[in-house]
Number of protein chains: 2
Amino acid sequence: MHSFTEENYLKTIYYLANRRQGEVSTNALAEMTATKAASVTDMLRKLAEKQLIHYKKYQGVRLTDEGERLALQIIRRHRLWEVFLVQKLGFGWDEVHEIAEELEHIRSEELVTRLDTYLGYPQFDPHGDPIPTPAGQMPETGYRKLSEVEAGEGVCLMAVLEHSTEFLKHLDHSQLTLGCQVTVNEINTFDKSVLVQIESGRSVFISHEVARNLLVKN
Amino acid sequence: MHSFTEENYLKTIYYLANRRQGEVSTNALAEMTATKAASVTDMLRKLAEKQLIHYKKYQGVRLTDEGERLALQIIRRHRLWEVFLVQKLGFGWDEVHEIAEELEHIRSEELVTRLDTYLGYPQFDPHGDPIPTPAGQMPETGYRKLSEVEAGEGVCLMAVLEHSTEFLKHLDHSQLTLGCQVTVNEINTFDKSVLVQIESGRSVFISHEVARNLLVKN
DNA sequence: ATAAAAATTTAGACGACCCTAAATTTTTAG
DNA sequence: CTAAAAATTTAGGGTCGTCTAAATTTTTAT
């Protein structure tokens, strides 16, 4: 089948293609996979031969339908395992990424199916990211960034864009939890920081940098 | 740290050393790991350099204390995951070996600790094999083979030596379950097959080949 | 429009793990 | 006790995924 490494490249291409729209560059992949551009080029040739990506030299790269199907399968596994680690084993949401990076490569369709059932068919992982369907569809969420919300609006905190331990610990510290109702009281014009009120009635100051990484819905 | 492959060699050396007493041969390892003797020699040199085995050319191999500690750690992980797969995900005891072979290599001490707690600190895996302690001790069981039990004795089925799907399915079919009380009614002198009575009152015929792979206690 | 800068690919190499074929050592049988 | 058989190791090589250095293509800035 496909190697551990190939799976990681596919997942990374999917991620980058959806962050910055369009083709993914060799350098961006090298940075994300912590390798060098030359190594990426080698792998791209291999993935192109296997028909998992569309690749023209010097032109960047795009997943084929089959490549996207595989990428979504890996992402589905990753997110289901994260749910398991947090809900069943009691890990913090800031501790599960690295472990799920390994678990996502376990090769057993049956395992994923049973895990999904065991977890009660969750729709979202602990960071609020939607879990792709068994058929390989990424659910649409229609979330906005908190940084784009107008003053006076009340919204619900749904997901985080940044997964680093530091960022997540910072949110815990500010009592910002997913599912939490927040009302935007003030938007500072000069630094775009916001002052929100959370359910407990407490006011929380949120920098623009943080607000850009919080996804909300009405 | 240590590679996936190194871990598998250590585990296999442990297994073979405890089956046939004493030193483990290159050929035996080649057969178990489904590689060739020449490849085994390469790996043995590497493991010896890392001080995980005692190795003299042409003399067979033995784990060092550190090597045994690592082997028991892998075996502990393997068996805990098997418990998870059977008890939590509902897999059959004949379906879990291959998946646990992959899960056992996930590198997180915290994960194993939490899994152990989640499972309620099980002492035995679904095949009745004892789970090594966190400190790296293999619990003694004192089981005997069913093939060594005298006629008239009543014993309890505790574990299986053979883990193949065919063997386990055969036991399921004969209604032989772990924990099952059996009384040996007859031992055939010419083929050493035994006739036992199980809890339900049913009589079950067990060939010597099968009896040799069943472990019991009084 | 073109020269400098940036991005990408090619060339050549390395470590991990595996292989086959040949050489060497140990074991076994007569 | 020695010659044949069996086990093991060495020699030389292959693939995968990585690297550095050099060559090539694309982009950017003047």
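Convention: sequence-line order gives letters A, B, ...; per-chain numbering from 1.
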With the criterion being N/O to N/O and under 3.5 Å, what pairs connect the protein with nucleotides 1-8 of chain C, and how long is each?
residue, atom, partner, partner atom, Å
C/dT8, OP2, A/N27, N, 2.8

Side-chain donor-acceptor pairs of residues 52-61 of chain B under 3.5 Å, sequence neighbours excluded:
none

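- The salt bridge (Lys or Arg N to Asp or Glu O under 4.0 Å) check on B/E23 picks up B/R62, with sequence neighbours excluded.
- The pair B/R77-B/E82 does not meet the salt-bridge criterion, since no charged nitrogen lies less than 4.0 angstrom from a carboxylate oxygen.
- Salt-bridge formation is detected for the pair B/E104/B/K11: a Lys NZ or Arg NE/NH1/NH2 atom is positioned less than 4.0 Å from an Asp or Glu carboxylate oxygen.
- As judged by a 4.0 angstrom heavy-atom cut-off over every strand, A/S39 is placed among the base-contacting residues.
- Contacts of A/E162 classified as salt bridge (Lys or Arg N to Asp or Glu O under 4.0 Å), with partners at least two apart in sequence or in another chain: none.
- The phosphate of C/dC18 (OP1 or OP2) has no side-chain N or O of B/K36 nearer than 4.0 angstrom.
- The nucleotide whose nearest atom lies closest to any side-chain atom of B/D42 is, among C/dC19, D/dT18, D/dA21, C/dC19.
- Under 4.0 Å is where a charged nitrogen must lie from a carboxylate oxygen, and between A/K192 and A/E148 no such pair does.
- Here the C1' atom of nucleotide D/dC19 and the CE atom of A/M43 are 14 Å apart, to the nearest Å.
- B/R45 has a side-chain polar atom (N or O) that falls below the 4.0 Å cut-off from OP1 or OP2 of D/dT10.
- Side-chain atoms of B/E95 come within 3.5 Å of backbone N or O of B/G92 as a donor-acceptor pair.
- Rounded to a whole Å, the CG atom of B/L47 is 13 Å from the P atom of D/dT9.
- Per the geometry, CG belonging to A/L44 stands 11 Å off P belonging to D/dT18, to the nearest Å.
- For B/K50, the salt bridge (Lys or Arg N to Asp or Glu O under 4.0 Å) test picks out B/E6, with sequence neighbours left out.
- Applying a 4.0 Å cut-off to non-hydrogen atoms, none of the residues of residues 8-18 of chain A approaches DNA chain C.
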